[in-house]
Every structure is written in structure tokens, then in C-alpha cells.
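Every value quoted in this text rests on a predicted model; they were computed, and no experiment measured them. For this chain, numbers begin at 1 and follow the sequence in order.
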Amino acid sequence: MKKRVTERTDKQEHEDSKPRRMRADAQRKMSSLLQAAMEVFRKSGVDAPVREIAERAGVGLGTVYRHFPQRSDLIKAVFQTQVDACADAAPVLAGKYGPDEALSRWMHRYVDFIATKRGLAAALHSGDPAYGALPGYFNKRLLPAMKTLLDAAVAAKAVRPGIEAEDLLHAVANLCRGSHDKEPAYTQKMVELLVDGLRYGAKHANRHTP
């Protein structure tokens with residue numbers, strides 16, 4: 001009796017391992033698909049042929065449509081994935097660098113996100129209700145990331161106080177909007193100047209804060 005129980009347990013463990021491998025494979029395929037869609041949208045816009053995305057991802061058209069029946073489903077997934085990647089970078093950078101350096105590096109990472117978002121602009125600003133929840137998702141994920149890094153830099157007296165995280169997000173976005181026809185290096189340079197401005201007079205300003 002004990003032997004039969006052991007045999008069933010071993011078999012069950014073997015069967016349980018199969019779905020985990022399938023889920024991992026499916027996750028890699030999904031990541032590849034979303035990455036391909038992001039690259040195609042950035043290059044050709046959101047109206048690019050789905051076949052081009054499938055070919056770049058190395059999957060069939062059926063796979064794309066099975067996961068994303070509507071083009072808007074794919075666009076939303078790309079947007080949310082890029083927002084998540086940008087937000088998730090904040091604690092990673094905070095753990096590797098000092099407060100002001102982490103803030104600076106994240107702001108540059110945010111510039112990269114905006115470049116991706118620009119490829120989705122035609123859809124995001126189309127007025128289509130399918131995208132109505134995305135601005136809220138943007139604020140929910142990115143505003144706390146910026147605030148956490150900014151507060152840490154202020155507490156370390158590395159940047160001056162009195163700056164709102166939301167204003168800083170908008171400031172970087174506006175810099176990107178004004179320089180979208182120039183090389184990416186130009187935008188990064190402008191953001192670095194903005195960071196230098198945050199650092200200016202930080203130690204003196206913090207003397208007057210509790």
C-alpha cells in the first residue's frame with residue numbers, strides 16, 4: 001500500500017512540473033511578443049501590420065490574436081508592461097546607488113519610457129474609451145516611484161526640498177516633447193541639466209528644513 005502511494009506521489013510531482021515549464025515558456029513567448037510590438041510600434045506606429053509584429057516575435061498570427069483579439073488589447077498591454085518596467089526599476093536603482101544618483105538614473109530611465117510612449121501616442125490620444133484607464137495606471141505606478149526616490153534624495157540633502165514628484169514627471173515629459181525631433185542624447189543632456197538644477201543649493205536649502 002505504501003508503495004502505491006509513493007508511486008502516485010512521484011507521478012503527481014512529475015505531472016505538476018509540466019505546467020510550470022509550460023507557464024515559463026508561455027511567459028517568455030509573451031515577453032517576446034510584447035517587446036516585438038513595442039519595437040514595431042516605435043518604428044512604424046500603432047497601425048503597423050500585426051504580421052510584422054508576429055514575425056519579429058517569432059510567433060504565428062494565431063498566437064497574437066489568441067492573446068490580443070483587438071489591436072487595442074495589444075497596445076494596452078505594451079503600455080502597461082513598459083510602465084511596470086519603469087516603475088520596477090526605481091527600487092532596484094535605490095538599492096544600488098546613492099539617493100541622488102538613483103533619482104538621476106531613474107529619470108533617464110523615464111525618458112526611455114517616454115520614447116516608447118511616443119510610438120503609442122496616436123492610439124493613446126485618439127479618444128478611444130479602450131484606453132481610458134491608462135492615464136490612471138500611469139499615475140498609480142510611476143508617481144509613487146518618482147516620489148519615493150525624490151523623498152530619499154531630499155532626506156539625504158542631495159537635492160533641494162519643495163519639489164513635487166508630479167511636477168517633476170511633467171517637467172521631464174515636457175523636455176522630451178520639446179526635443180522629439182533631436183537625437184535622444186540631446187534629451188538625456190537636458191534631463192541631466194534638470195537634475196543638476198535639483199542638486200543646486202540642496203545643502204543650504206536643507207538647513208532650514210526640520
- When you check the gap from the basic side-chain N to the acidic O, do Arg56 and Glu52 get nearer than 4.0 Å?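 No salt bridge links Arg56 with Glu52.
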Measure across [X] and [Y] and return the closest heavy-atom pair with its distance rounded to 0.1 Å.
| X | Y | answer |
| --- | --- | --- |
| Asp100 | Arg199 | OD2-NE, 3.3 Å |
| Tyr131 | Ile75 | OH-CD1, 3.4 Å |
| Asp88 | Arg141 | OD1-NH2, 2.8 Å |
| Arg160 | Tyr200 | CD-O, 3.3 Å |
| Phe41 | Val46 | CD2-CA, 3.5 Å |
| Leu150 | Glu164 | CD2-C, 4.1 Å |

Rounded distance (nearest 0.5 Å) linking atom [atom1] of [X] with atom [atom2] of [Y]:
| X | Y | atom1 | atom2 | answer |
| --- | --- | --- | --- | --- |
| Gln80 | Leu134 | CD | CG | 6.0 Å |
| Leu74 | Phe79 | CG | CZ | 14.0 Å |
| Thr187 | His108 | OG1 | NE2 | 11.0 Å |
| Asp84 | Leu142 | CG | CG | 8.5 Å |
| Arg109 | Ser104 | CZ | OG | 14.0 Å |
| Asp167 | Met146 | CG | CE | 10.0 Å |

Same apolar cluster (I L V M F W Y, side chains within < 4.5 Å links), [X]/[Y]:
| X | Y | value |
| --- | --- | --- |
| Tyr97 | Met107 | yes |
| Leu143 | Val92 | no |
| Tyr186 | Val191 | yes |

Less than 4.5 Å apart, any side-chain heavy atom of [X] and any of [Y]?
| X | Y | result |
| --- | --- | --- |
| Leu194 | Leu168 | yes |
| Phe68 | Leu33 | yes |
| Ser31 | Gln35 | no |
| Leu103 | Val195 | no |

- Verify the distance criterion only: is there a donor paired with an acceptor across the side chains of Tyr65 and Asp73 at less than 3.5 Å? no
- Query: Is a side-chain donor-acceptor pair under 3.5 Å present for Glu192 with Gln188?
  - Reply: no
- Query: Within the side chain of Trp106, is there an N or O that forms a donor-acceptor pair under 3.5 Å with the backbone of Cys86?
  - Reply: yes
- Judged by atom type as modelled, is there a donor-acceptor pair below 3.5 Å linking the side chain of Thr148 to the main-chain atoms of Pro144? yes
